[in-house]
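In what follows, a single structure is set out as structure tokens and then discussed.
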Amino acid sequence: MNATTSYQAIITSPIGPLGIVIEEGVLYRINFLSDETTLQAAEGKPAAQVAAQLQHYFKQADWHFSLPLQPMGTTFQQQVWQQLRQIPLGEVRTYGEIARALNSGPRAVGNACRNNPLPVVVPCHRVVAANGPGGFAGQTQGRNLSIKGWLLAHERATL
DNA sequence: TTAGGTAGTCTCG
DNA sequence: CGAGACTACCTAA
């Protein structure tokens, strides 16, 4: 999130360093870090489990996470994130499709995706716009959007 | 291509 | 609380 976030681990991955927040073995938050912040990674015991599963996913996308998650958010956001986790590997949904499933609106779904605290594990990258790629990690272009593309290509490659 | 509609959240006051 | 302003959108014209 910002400089005040204290990460239990920083994991290097093909999409750059990932900052991980874990408490009591429960995963709360994953952040994409800039390549400069990769220095001190205090790799603790609870982080090892998360790190291992993430590395596994980056090696082979056909892998489904089994981690205790605690993404904090409103009830609507929880509903959206729940929907995201039901999108099968290698498939995508549009914001509108998710919205209809929840009797809501596309923009509201976009908002919830933007606030997803656990990207990659909760597959917000599998949600695209009706005509376009949509956004990722708060950006509608730039590095984060290319990460989205990388993840989708990675998953397609392992089908 | 745009104009208007939409739902959830945030920020003021 | 209420009004207004934000969005990783969608559809019709």
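In what follows, chains carry the letters A, B, and so on, assigned in the order in which the sequence lines appear, proteins first and then strands, with residues in each chain numbered from 1.
Both A:W150 and A:V120 are members of a single hydrophobic cluster when ILVMFWY side chains are connected at heavy-atom separations under 4.5 Å.
Nucleotides B:dG5 and C:dT7 place their C1' atoms 14 Å apart, quoted to the nearest Å. One C1' atom belongs to B:dT6, the other to C:dC6, and the distance between them is 14 Å to the nearest Å.
Residues satisfying the ring pair (Phe, Tyr, Trp, His ring centres under 6.0 Å) test with A:F136, not counting sequence neighbours, are A:F32. For the salt bridge (charged side-chain N to carboxylate O under 4.0 Å, His left out) test, residues two or more places apart in sequence or in another chain that qualify with A:R93 are A:E91. With sequence neighbours excluded, the residues forming a side chain to side chain contact (heavy atoms under 4.5 Å, CB included) with A:A108 are A:F76, A:S104, listed by chain and number. A:V92 is linked by a side chain to side chain contact (heavy atoms under 4.5 Å, CB included) to A:V128, A:L152, counting only residues two or more places apart in sequence or in another chain. Legend: residues meeting side chain to side chain contact (heavy atoms under 4.5 Å, CB included) with A:Q141, ordered by chain and number and at least two apart, are absent. Annotation: side chain to side chain contact (heavy atoms under 4.5 Å, CB included) contacts of A:R100 (sequence neighbours excluded): A:E97.
The backbone N or O of A:I87 sits less than 3.5 Å from a side-chain atom of A:R126, completing a donor-acceptor pair. The backbone N or O of A:N144 sits less than 3.5 Å from a side-chain atom of A:Q139, completing a donor-acceptor pair. No donor-acceptor pair closer than 3.5 Å links the side chain of A:Q60 to the backbone N or O of A:Y57. A donor-acceptor contact shorter than 3.5 Å links the side chain of A:Q8 to the backbone of A:I22. Side chain of A:Q83 to backbone of A:A101: no donor-acceptor contact under 3.5 angstrom is found. The main-chain N or O of A:G19 is never found under 3.5 Å from a side-chain atom of A:N31 such that the two would form a donor-acceptor pair.
A heavy atom lying under 4.0 Å from DNA chain C marks the following residues of residues 83-99 of chain A, by number: A:T94, A:Y95, A:G96. Taking a 4.0 Å limit (strictly below) on heavy-atom distances, residues 139-159 of chain A reaches DNA chain C at A:T140. Residues from residues 117-125 of chain A lying near DNA chain B, meaning a heavy-atom separation below 4.0 Å, are absent.
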Checklist outcome for this item: A correct 5'-to-3' footprint of nucleotides 5-11 of chain B, with B, S and - meaning base, sugar-phosphate only and no protein heavy atom under 4.0 Å, is BBBBS--
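The OG atom of A:S13 sits 9.5 Å away from the CG atom of A:L33 when rounded to the nearest 0.5 Å. Taking CD of A:Q78 as the start and CD of A:Q82 as the end, the distance is 9.0 Å to the nearest 0.5 Å.
Among the atoms of the strands shown, base atoms are found under 4.0 Å from some heavy atom of A:G138.
The heavy-atom pair separating A:T12 from A:Q55 by the smallest distance is O-NE2, 3.5 Å.
Using a 4.5 Å heavy-atom threshold, the side chains of A:L159 and A:D62 count as separate.
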Within the sub-3.5 Å range, which N or O atoms of nucleotides 11-13 of chain C have a protein N or O partner, and how far apart are they?
none

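In A:H56, the NE2 atom is crowded: over 12 heavy atoms of neighbouring residues, nucleotides or ligands sit closer than 6.0 Å.
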Next on the checklist: Output the pairing pattern of DNA chain C as a dot-bracket string, 5' first, Watson-Crick or G-U wobble with both distances under 3.5 Å, | for cross-strand pairs, [ ] for crossing pairs.
Outcome noted: |||||||.|||||
